[in-house]
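Worksheet for the structure shown next.
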There are 2 protein chains.
Amino acid sequence: MDQTERIIQALDSAGYQATANRRLVAGMVATSGGHFTAADLLERGRRERVNIGRATVFRALELLAELHVIERLDLPSGSHAYVLCDPAEHHHHLVCSGCGRSEDVADGELARLVDEIGQRNGYRIETHRLELFGKCPDCAAGTPPNGAASKASSSAGQRPGGH
Amino acid sequence: MDQTERIIQALDSAGYQATANRRLVAGMVATSGGHFTAADLLERGRRERVNIGRATVFRALELLAELHVIERLDLPSGSHAYVLCDPAEHHHHLVCSGCGRSEDVADGELARLVDEIGQRNGYRIETHRLELFGKCPDCAAGTPPNGAASKASSSAGQRPGGH
DNA sequence: CACGAAGTGAGACTGAGTATCAAATGGATC
DNA sequence: GATCCATTTGATACTCAGTCTCACTTCGTG
Ligand SMILES: [Zn+2]
Ligand SMILES: [Zn+2]
Ligand SMILES: [Zn+2]
Ligand SMILES: [Zn+2]
């Protein structure tokens with residue numbers, strides 16, 4: 001719940017209204033416990049019988065992404081998901097291909113590596129993205145955390161791309 | 001053109017027929033000179049008055065991706081593009097946000113870094129993806145290589161995500 | 001309460017990608 | 001070349017994500 005407050009705070013201090021709908025989305029995002037798609041939220045809303053429009057959910061996600069409260073993830077399956085994350089500093093995501101859980105990963109040495117690559121190729125690098133997929137401790141042990149709800153949803157269908 | 005042959009070769013040695021349509025797609029892929037979307041190929045086909053079905057193009061791309069002759073790229077804009085690349089070994093892509101040109105980048109130290117991250121978080125890592133976006137030497141110098149055709153197409157619209 | 005700005009929902013619309021299925025083609029075998 | 005079967009193909013319909021529009025509601029402020 002504290003997480004929800006943080007999101008609302010972010011909205012507010014960026015000059016956006018913390019309306020009922022946005023609070024609702026904030027709540028769902030905060031309790032998602034992993035990655036989620038727009039469709040996931042929509043469905044969850046429907047299940048919980050909340051009345052929120054399709055467009056509104058998309059708009060809220062877009063807004064939160066803009067504020068770096070959530071970040072878009074491109075799953076190996078090709079679909080677009082989001083994860084809640086710390087807006088403070090640049091980082092990447094380690095995502096469980098079993099349950100959807102996600103950890104923030106500091107950039108660390110990567111920054112240097114990226115620099116070198118840019119240098120070597122004569123490119124002026126603007127952005128980079130690193131995404132890691134694997135099995136979290138629980139899923140690796142065959143104990144997917146079935147406690148949390150939203151994970152088992154549609155977006156869990158993975159296709160772990162070859163390496 | 002030699003590149004085209006390599007693609008056809010790959011199809012053949014994987015037991016797929018190198019039909020006229022697939023040769024056609026191979027040719028377009030080989031001469032794309034950067035990243036391209038399915039829509040790009042479709043449009044190029046239409047422009048050059050070749051008769052190839054929508055589904056066929058999607059199927060050909062899927063097939064080539066499976067053979068690791070091309071690889072899917074998730075552009076910052078969110079759209080799915082492909083780049084021609086060396087199927088031999090694992091690598092990543094450095095993509096020009098100006099003209100769409102792309103360079104293969106060896107994994108290098110990243111493998112170790114990825115390992116460490118997995119270790120530290122207790123994850124068993126299965127895949128990772130690194131994508132670098134920036135301006136190629138020409139684009140940085142304000143001389144986008146207007147020679148090549150396909151680049152200026154639709155897929156060039158970028159939204160360089162913040163860093 | 002009155003007002004303008006910000007936010008919202010229903011529904012139309014677009015565009016990517018998939019599914020279906022009958023027709024075309026390829027390759028093998030005689 | 002004719003026959004047979006597996007592979008490939010294209011037209012079409014369809015699904016689904018995401019956007020757009022526009023009238024309506026809600027918010028903050030005086
Ligand atoms: Zn897990
Ligand atoms: Zn980074
Ligand atoms: Zn360039
Ligand atoms: Zn790698």
Side-chain angles (χ1 to χ4, degrees), chain A residues 7-8 10-28 35-46 49-67 70 72-82 153-157 159 161, chain B residues 7-8 10-26 28 35-46 49-67 70 72-82 153-157 159:
Chain A
I7 300 177
I8 293 171
L11 279 169
D12 189 66
S13 66
Y16 293 102
Q17 297 177 20
T19 64
N21 277 332
R22 289 181 182 156
R23 281 167 194 277
L24 183 69
V25 171
M28 293 199 290
H35 59 75
F36 54 88
T37 62
D40 288 341
L41 297 198
L42 252 351
E43 197 201 301
R44 187 168 159 195
R46 212 173 328 117
R49 245 161 280 275
V50 233
N51 194 30
I52 184 169
R54 187 175 164 59
T56 304
V57 169
F58 278 97
R59 283 188 284 233
L61 288 178
E62 186 186 1
L63 184 52
L64 294 184
E66 202 175 294
L67 300 178
I70 60 178
R72 206 192 66 217
L73 220 58
D74 294 303
L75 301 184
S77 72
S79 51
H80 292 162
Y82 293 89
S153 81
S154 58
S155 67
R159 168 255 281 172
Chain B
I7 300 177
I8 291 171
L11 279 169
D12 190 68
S13 65
Y16 293 102
Q17 296 177 21
T19 64
N21 276 333
R22 289 182 180 155
R23 280 167 195 278
L24 182 70
V25 171
M28 292 200 288
H35 58 74
F36 53 88
T37 63
D40 287 341
L41 297 198
L42 252 352
E43 198 202 299
R44 185 166 160 196
R46 211 172 331 114
R49 243 161 281 275
V50 232
N51 194 30
I52 183 169
R54 184 176 167 57
T56 304
V57 170
F58 278 97
R59 282 187 284 234
L61 288 178
E62 186 185 0
L63 185 53
L64 294 184
E66 204 173 293
L67 300 179
I70 60 178
R72 207 192 66 218
L73 219 57
D74 294 303
L75 301 185
S77 72
S79 51
H80 293 163
Y82 293 89
S153 82
S154 58
S155 67
R159 167 257 282 174

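What you see below is based on every heavy atom in this structure, not just the backbone, and it leaves out hydrogens, waters and symmetry mates. Quick note on labels: first sequence line is chain A, next is B, and so on, each numbered from 1. This structure is a prediction, so every number in the text was calculated from the model and none was measured.
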> Bend angle of the helix from dC1(C)-dG30(D) to dC30(C)-dG1(D) from five-pair axes at both ends, rounded to 10°?
Replying inline: 30°

> Distance from Asn21(B) atom CG to Arg59(B) atom CZ, nearest 0.5 Å?
Replying inline: 9.5 Å

>> With a strict under 4.0 Å distance from non-hydrogen atoms of chain B, what nucleotide opens and what nucleotide closes the contacted stretch of DNA chain D, reading 5' to 3'?
In response: dT7(D) to dG10(D)

>> Suppose we screen for side-chain contact (heavy atoms from CB on, under 4.5 Å). Which residues come up paired with Ala14(B), at least two apart in sequence or across chains?
In response: Tyr16(B), Leu67(B)

> Measuring from Thr19(A):OG1 to Leu11(A):CG, what's the distance to the nearest 0.5 Å?
Replying inline: 8.0 Å

> Has the side chain of Arg72(B) got a donor or acceptor atom that lies under 3.5 Å from a matching backbone atom of Ala81(B)?
Replying inline: no

> Roughly how far, to the nearest 0.5 Å, is the OG atom of Ser13(A) from the CD1 atom of Ile8(A)?
Replying inline: 12.0 Å

>> Test of understanding: with side-chain contact (heavy atoms from CB on, under 4.5 Å), list the residues that count as partners of Ala65(A), not counting sequence neighbours.
In response: Ile70(A), Tyr82(A)

>> As an exercise, state the distance from CZ of Arg44(A) to CG of Leu24(A), rounded to the nearest 0.5 Å.
In response: 8.5 Å

>> Can you list, in residue-number order, the parts of residues 17-25 of chain A that come under 4.0 Å of DNA chain C, counting heavy atoms only?
In response: Gln17(A), Thr19(A), Asn21(A), Arg22(A)

> Can you check whether Leu61(A) reaches Phe36(A) side chain to side chain, under 4.5 Å on heavy atoms?
Replying inline: yes

> To the nearest 0.5 Å, what is the distance between CE (Met28(B)) and CG (Asp40(B))?
Replying inline: 10.0 Å

>> I need the Thr37(B) OG1 to Leu73(B) CG distance, nearest 0.5 Å.
In response: 11.5 Å

> Are Arg22(B) and Thr56(B) side-chain neighbours, meaning at least one heavy-atom pair lies under 4.5 Å?
Replying inline: no

> If we only count heavy atoms from C-beta on, is the Leu42(A) to Arg54(A) side-chain gap below 4.5 Å?
Replying inline: yes

Below 3.5 Å between N/O atoms, which protein atoms pair up with nucleotides 14-18 of chain C? Just atom names and distances, please.
residue: dG17(C); atom: OP1; partner: His80(B); partner atom: ND1; Å: 3.2
residue: dG17(C); atom: N7; partner: Arg54(B); partner atom: NH2; Å: 2.4

